[in-house]
Amino acid sequence: MLCIRTYVRMCGQKTIASPGRGILAMDESNATCGKRLASIGLENTEANRQAYRTLLVTAPGLGQYISGAILFEETLYQSAVDGRKIVDILAEQGIVPGIKVDKGLVPLAGSNNESWCQGLDGLASREAAYYQQGARFAKWRTVVSIPNGPSELAVKEAAWGLARYAAISQDNGLVPIVEPEILLDGEHGIERTFEVAQKVWAETFYAMAENNVMFEGILLKPSMVTPGAEAKDRATPEQVAAYTLKLLHRRIPPSVPGIMFLSGGQSEVEATQNLNAMNQGPNPWHVSFSYARALQNTCLKTWGGQPDKVKAAQDALLLRAKANSLAQLGKYTSDGEAAEAKEGMFVKNYSY
């Protein structure tokens with residue numbers, strides 16, 4: 001236990017949860033990465049995945065804004081186009097490598113058309129190997145659907161799976177990112193999201209306590225409290241911040257070092273504005289970001305698979321990373337943001 005405590009103090013608190021920095025989520029499965037590549041007219045080949053991932057991790061100065069990068073298993077073992085190991089490139093940038101360890105969603109029998117997340121079988125041995133490869137934190141994502149209930153069964157299954165994963169990760173020296181994503185799907189208002197989120201986080205922390213998870217040795221990746229994507233009434237960044245911070249204060253112990261929000265289909269600018277609004281005053285936690293599409297969308301479109309567009313694509317990535325760095329410090333302004341950065345990225349029944 002002393003070893004884990006020492007590690008968390010050195011890595012989790014001082015590196016990943018450091019001022020003005022957040023996480024780049026680049027852990028898309030090969031199938032999902034293929035969908036992204038298809039959107040710019042590229043085939044889903046290992047060479048194309050390698051080229052895109054190389055573009056991301058070699059962006060000059062990325063470590064100024066990014067403290068951790070969540071990788072897919074292929075990427076953890078992959079080399080960049082120039083032959084250097086991707087984990088080594090991240091280390092040179094001062095970025096901690098992490099690894100997605102869940103095995104994806106499957107139907108939850110006995111529920112209201114809901115899902116549960118698989119991957120606990122063999123997790124300990126896989127994580128031991130990931131640690132040897134250079135990973136220092138892990139991520140497990142499960143989902144809760146408001147239009148489908150959520151049922152008591154689905155909430156308890158999500159919480160227990162996250163708790164078992166977190167305990168196993170800590171036992172193997174990895175800081176677990178705990179991610180019960182409350183999907184944006186639905187027409188419900190922000191009050192309903194808040195109600196469900198309270199239930200989900202209460203169950204999750206209860207389950208983690210039952211499994212002897214050390215709270216100061218985890219990071220959270222929650223959804224922001226927003227209305228459903230199809231709701232008639234939208235929320236301002238100030239409203240999102242007020243509801244989300246109220247949720248955190250009611251449910252999250254101050255011993256948790258970092259809250260790394262997911263973007264969940266929000267536009268690039270919307271995700272940044274909401275994060276900025278949450279950092280207008282002091283918080284007992286490091287309130288930051290762990291974005292995938294909200295960091296990569298414009299970057300991917302700018303690149304388009306063209307070698308001569310790599311620098312422009314990296315500049316687009318750095319622009320978004322810097323914007324979210326400023327938002328973590330509460331200093332972001334949306335002046336001058338491009339129209340494409342304001343386009344929503346919500347996908348109904350999104351999976352990856």
Side-chain angles (χ1 to χ4, degrees), residues 10-28 52-71 75 80 86-98 136-137 139 175 177 219-221 224 237 257-264 266-280 283 285-303 310-338 340-342 345:
M10 293 174 60
C11 178
Q13 292 177 326
K14 291 188 176 180
T15 304
I16 299 178
S18 55
R21 301 169 87 202
I23 293 174
L24 170 62
M26 48 181 291
D27 57 325
E28 298 89 352
Y52 181 56
R53 290 162 179 165
T54 297
L55 180 160
L56 294 175
V57 301
T58 59
L62 184 64
Q64 182 178 347
Y65 314 117
I66 300 298
S67 57
I70 311 172
L71 310 178
T75 319
I86 284 179
V87 290
D88 291 341
I89 296 172
L90 290 171
E92 290 169 9
Q93 293 254 42
I95 299 171
V96 180
R136 291 296 178 265
F137 68 98
K139 192 205 80 165
V175 173
I177 289 184
L219 295 168
L220 304 185
K221 187 170 178 176
M224 296 179 189
I259 315 290
M260 322 299 286
F261 282 100
L262 59 89
S263 55
Q266 299 177 76
S267 74
E268 291 175 325
V269 169
E270 187 179 14
T272 308
Q273 287 176 324
N274 289 340
L275 178 64
N276 185 69
M278 280 185 264
N279 281 297
Q280 292 308 297
N283 293 304
W285 324 270
H286 175 77
V287 176
S288 192
F289 60 93
S290 177
Y291 294 164
R293 287 173 290 169
L295 282 172
Q296 296 182 42
N297 191 54
T298 299
C299 168
L300 179 66
K301 290 180 178 179
T302 302
W303 176 51
V310 167
K311 183 182 183 304
Q314 290 179 329
D315 288 344
L317 173 64
L318 292 169
L319 181 69
R320 290 262 48 90
K322 181 178 181 180
N324 285 292
S325 169
L326 290 170
Q328 197 288 310
L329 300 170
K331 299 178 179 179
Y332 166 77
T333 173
S334 60
D335 295 345
E337 288 278 19
E340 62 184 7
K342 299 178 182 179
M345 292 179 281

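If you read the sequence from its start, that first residue is 1, and numbering goes on from there.
Side-chain contact annotation: Glu28 with Tyr52, donor-acceptor N/O pair under 3.5 Å absent.
The nearest pair of heavy atoms linking Gly61 to Leu318 is C-CD2, 4.3 Å. Scanning both residues, Ala69 and Phe137, for their nearest heavy atoms gives O-CZ, 3.8 Å. In plain terms, the two heavy atoms of Thr272 and Ala323 that are nearest each other are CG2-O, 3.6 Å. The two atoms that bring Leu219 and Pro257 nearest to each other are CD2-CG, 4.2 Å, heavy atoms only. Taking every heavy atom of both residues into account, Asn324 and Ala294 meet most closely at ND2-O, 4.5 Å. Taking both residues in full, the closest heavy atoms of Leu295 and Leu317 are given as O-CD1, 3.6 Å, listed atom of the first, atom of the second, then distance.
Under the 4.5 Å side-chain criterion, counting only non-hydrogen atoms from C-beta, Val96 is not in contact with Val175. Using a 4.5 Å heavy-atom threshold, the side chains of Asn276 and Pro237 count as separate. Contact of the Met26 side chain with the Leu71 side chain is registered, since non-hydrogen atoms from C-beta on lie closer than 4.5 Å. In this structure, Phe289 and Ile66 have side chains that are in contact, with non-hydrogen atoms separated by less than 4.5 Å. Proximity of Met260 to Ile16: side-chain heavy atoms (C-beta onward) are separated by under 4.5 Å at one or more points.
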For residues 86-93, which side-chain N or O atoms pair as donor and acceptor with protein atoms under 3.5 Å away, sequence neighbours left out?
{"unit_1": "Glu92", "atom_1": "OE1", "unit_2": "Arg84", "atom_2": "NH1", "d": "3.2"}
{"unit_1": "Gln93", "atom_1": "OE1", "unit_2": "Leu62", "atom_2": "N", "d": "3.4"}
{"unit_1": "Gln93", "atom_1": "NE2", "unit_2": "Val57", "atom_2": "O", "d": "3.0"}
{"unit_1": "Gln93", "atom_1": "NE2", "unit_2": "Ala59", "atom_2": "O", "d": "2.8"}

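Side-chain atoms of Glu268 never come within 3.5 Å of backbone atoms of Arg320 as a donor-acceptor pair (strictly under, hydrogens ignored). The backbone N or O of Leu275 sits less than 3.5 Å from a side-chain atom of Asn279, completing a donor-acceptor pair. Distance alone, capped at 3.5 Å, places no donor-acceptor pair between the Ser263 side chain and the Gln266 backbone. In this structure, Ser290 contributes its side chain and Phe261 its backbone to no donor-acceptor pair below 3.5 Å. With hydrogens and angles disregarded, a donor-acceptor distance shorter than 3.5 Å links the side chain of Tyr291 to the backbone of Ala271. For the pair Ser325 (side chain) and Gly20 (backbone), a donor-acceptor distance under 3.5 Å is present.
To the nearest 0.5 Å, atoms CG (Leu220) and CH2 (Trp285) are separated by 9.5 Å. Taking CE of Met278 as the start and CD1 of Ile259 as the end, the distance is 10.0 Å to the nearest 0.5 Å. In this structure, the separation between CD on Gln296 and OG1 on Thr298 is 11.0 Å, given to the nearest 0.5 Å. With rounding to the nearest 0.5 angstrom, the CG atom of Asn283 is 10.5 Å from the CD atom of Gln280.
Applying the side chain to side chain donor-acceptor pair (under 3.5 Å) test to Thr58 and every residue at least two apart in sequence or in another chain returns Gln314. Every residue two or more places apart in sequence or in another chain was checked for a side chain to side chain donor-acceptor pair (under 3.5 Å) with Ser288, and none qualifies.
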Worksheet entry | CA sep, side-chain torsions, deciding dist, call: Leu319, Tyr65, side-chain contact (heavy atoms from CB on, under 4.5 Å) | CA-CA 10 Å; Leu319 181 69; Tyr65 314 117; over 6 Å; no
